[in-house]
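Below is one structure, written out as structure tokens, with a few remarks after it.
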Amino acid sequence: MLSVSLSASASAIASGRARSEARRPGGIRLCGPRGDAPACGSLRLSHAAATRRAVPRAAASGNGAAGGGFDYDLVIIGAGVGGHGAALHAVEEGLKTAIIEGDVVGGTCVNRGCVPSKALLAVSGRMRELHDEHHMKSLGLQVSAAGYDRQAVADHANNLASKIRSNLTNSMKAIGVDILTGFGTIVGKQKVRYGKVGFPDKEITAKNIIIATGSVPFVPKGIEIDGKTVFTSDHALKLESVPDWIAIVGSGYIGLEFSDVYTALGSEVTFVEALDQLMPGFDPEIAKLAQRVLINTRKIDYHTGVFASKITPAKDGKPVLIELIDAKTKEHKETLEVDAALIATGRAPFTNGLGLENMNVVTQRGFIPVDERMQVTDADGNVVPNLFCIGDANGKLMLAHAASAQGISVVEQISGRDHILNHLSIPAACFTHPEISMVGLTEPQAREKADKEGFEVSVVKTSFKANTKALAENEGDGIAKLIYRPDTGEILGVHILGLHAADLIHEASNAIALRTSLQELKLAVHAHPTLSEVLDELFKAAKVNSGVSVNELVAA
Amino acid sequence: MAGLLHLHSTLLPSASLLRQRGGGGAQAAAPRRRRACRVEAKIREIFMPALSSTMTEGKIVAWNAAEGDRLSKGDPVVVVESDKADMDVETFHDGFLAAVLVPAGESAPVGSAIALLAESEEEIPLARSQAANLSSSSAAPPPATQETVPEESSLAPPPPPPPAPVAASAPSPATQGGARVVASPYAKKLAKELSVDLFSVTGSGPGGRVVAKDVEAAAASPTKAAAAPVAAARPDVPLGSTVPFTTMQGAVSKNMVESLAVPTFRVGYTITTDALDQLYKKIKSKGVTMTALLAKATAMALVQHPVVNSSCRDGQSFTYNSSINIAVAVAIDGGLITPVLQDADKLDIYTLSRKWKELVEKARAKQLQPQEYNSGTFTLSNLGMFGVDRFDAILPPGTGAIMAVGSSQPTVVGTKDGRIGMKNQMQVNVTADHRVIYGSDLAAFLQTLSKIIEDPKDLTF
């Protein structure tokens, strides 16, 4: 009696959730497995739900037989965040699913990316706070001699990665996803082989195939990696050492996050950036403030407009040598002598050996070409039916949650509901202290679009200094910026630099995804005193339907 | 007259945030005349802007440019924190950021100078020396020498050094024969802040790298004594002990006590200095100092009011002095002295300035002859460079009057035609011996003086 009602209510909850998720257009998902925290409980629920809901469906029943004579309804190559997200949604939709993984479940995010880096950033954030005597004093606190044990910090990151990895694996196992070990290759239409590298001996058929093989750190020519003194983020996250002086090649969000970690742990940092500005991907106003807050006040200097043409690891007591050449003229500018170098020059797609040539698919700089539905397109520009590619491998938006959002979009399509993911509604965050987050267009991009399409753009800004909670924490450094269309009230972009920026952005990204207008948002209530009032300020300051577009600088 | 800090910013509410000195003071009063015979103002001051109508002081969050950087019109130079947000403040002139007067993290009142902008690279040392003098004002420099020093230093290279680099030590291995220096990021930052030359620091880091503590050690070495010609001694007062007067201090004390026997009264006057400031800017490059200008103006006024130049020596008669000798009070190390500009009314302003320079040097070197400090018939005392707006001075025995000069401040004034404007105004206060100088004499003298100062074209004879 008890169990029946339990599973009945469970199914109600689960199917309710599935339904609402199915309706959710953007499928915005944060990095990390679903049903994670109360792991055991909700996993059992979803398992029960899947089985119960599967019954009314004619063809696939939870994890019974696939429809149409295929071994599986869906095979995903790569069990990273993208693949995992797709797998869970697929099972909810009643698809018989298999996922092929040649290395470790969880892929980059869990093992070499988001998860361990956030652990290290949590440590560095606290270290920075404890060492900020001025800040502590202003709150009335005294802290004596805060220190850290490098191995314990590394263990924290490592243990977290292991935990999340096993959560991910269990979450898939529990709902009946077949986890197949080996490297997968596509041998023909709807046919996949997998096995040890170079020896794909097991073959399966699948109605639909998703490639989710992700990416690896890109190391430019001339740079010699030894994993100890010259390394990529893969090695850095193991935190095997904390160098006195580390050069970070690349000032995007990965380099920036590492600079935060290393400076908090006592290193000095030199950025080497090929473009003329640091942090080129950010909105320029945010980048300027970020430079002031995250770089100028720390033991960091930088060289811009230069390439590291040659990096030699440390040897026989000599330091790491980095030769810098001018990015345009290519003439030698300077040679840095540092203790370590981190290469953070972006990530290259991991798409070799997938057998794409069998489908007449040609990669572009390694990326697999896809259309807006994540369907793979071949060398002639035609859509390859039943073949999709999500995540870093297609290069559209190389973020973990973008991968899983794309995966969910694909599963929606496979389940009969057309779906096009709006990438402009996908937020991004940089977990420095203070955090940076953004969604939508930067101001220059918005203005360019406005010029082309003939509408006005307005911008409002507010400072964290005006926010009670931020001031209570004495963390008033930060701004939030809203770029919008005054004629329609449509949000074009939101950029935040400040405490908890990574969490605050979601109000904006949800609004963009659901196409909520500013007129509606102005009436939304935000709890006081919270940091979310920063966004409230922005919404309320925006002037919509004024007839006259005025760029207002609102220091609220 | 106030020293270098002429606060000429005109902060009109709708005006742009930053006014440079070159364009400042452009009130209704004679902008055209100014432009017609314009002498390049080579060192401009960058002012703390008013970012809101209620802002009285601003905190500098960060300097976007460093000393020595070239700036173009419209470049953001500094970020100022208001109560609402951080605002980027731009420069309205091309030039080089010569000296930062208020570093990041500190505050300055709205309208005060926060940096100096030199028009060309050659003027950077001149600006730096001005900045050095402004910062050493805490050690009570002679009010007049403050103005002469930059001119002196601009004539004689090298300028008075800011904290000097470390004396020659063996080139560190990291310099690779002086070609380049390997220094850690923090070491570089510190070196910039503390004005330490990295090439002269020995590195103790791996491979001879210069690290932060090497730079700190270098900066703390004795040459930091900032050998500014001005006696910039920190007030070394032995607390808790009794120190007898030196001869000079004894003399000062004696004179002050003697002055108690004289019946004095005081008359104050507010003088608008816009025109004088403009004149000063014009002829500054020819070696003319503000002290000289004031002395000359006073002398010219005294010509018309000889009784103010008289004194009462014996308690029964007027002693009408044949010459107008303006004594200017100068603080020097351990005391106070009054070098005298003899016949100030008869000398042209340029000669007067030259003479003043010589006197100041002698005073500093303690080589003034008695008649170079005893022969004054009227005394000038200036505390304007400290921001003092008014004070009254004690009458030195043997003279009839002494004039205390306060600083020139931008002031909101109502004009006769019912309008409101901004003018630079200074308050002067004359203490006079009522045995020989009566109220109306003094008042008339002050009226004449203010007319001369407010229309100073005759000063340049």
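Quick caveat, the model's predicted, so the values are computed rather than measured. Here is how names work: the chains are called A, B, and so on, in the same order as the sequence lines, proteins then strands, and each is numbered from 1.
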- Contact summary for B/Val79 and A/Arg292, nearest pair of heavy atoms: CG1-NH1, 3.4 Å
- Query: Is the backbone of A/Thr297 close enough, under 3.5 Å, to the side chain of B/Lys189 for a donor and an acceptor to pair up by distance?
  - Reply: no
- Item | NZ/NE/NH1/NH2 to OD/OE distance under 4.0 Å, A/Asp339 and B/Arg209 | yes
- Check the surroundings of atom NZ in A/Lys333: do more than 12 heavy atoms from other residues, nucleotides or ligands lie under 6.0 Å from it? no
- Side-chain heavy atoms of A/Thr270 within contact of B/Pro185, under 4.5 Å: yes
- Message: So for A/Lys318, is it side chain, backbone, both, or neither that comes closer than 4.5 Å to the heavy atoms of chain B?
- Response: neither
- Tell me, yes or no, whether the heavy-atom count around A/His433 atom NE2, taken from other residues, nucleotides or ligands under 6.0 Å, exceeds 12. yes
- Message: Atom CD of residue position A/Glu334 - does it have more than 12 heavy atoms of other residues, nucleotides or ligands inside 6.0 Å?
- Response: yes
- For atom CD of A/Gln277, is the number of surrounding heavy atoms from other residues, nucleotides or ligands below 6.0 Å larger than 12? no
- Query: Counting heavy atoms not belonging to B/Ile420, are there more than 12 under 6.0 Å from its CD1?
  - Reply: no
- Item | Minimum-distance pair of heavy atoms, taken over all atoms of B/Lys188 and A/Asp301 | NZ-OD2, 3.3 Å
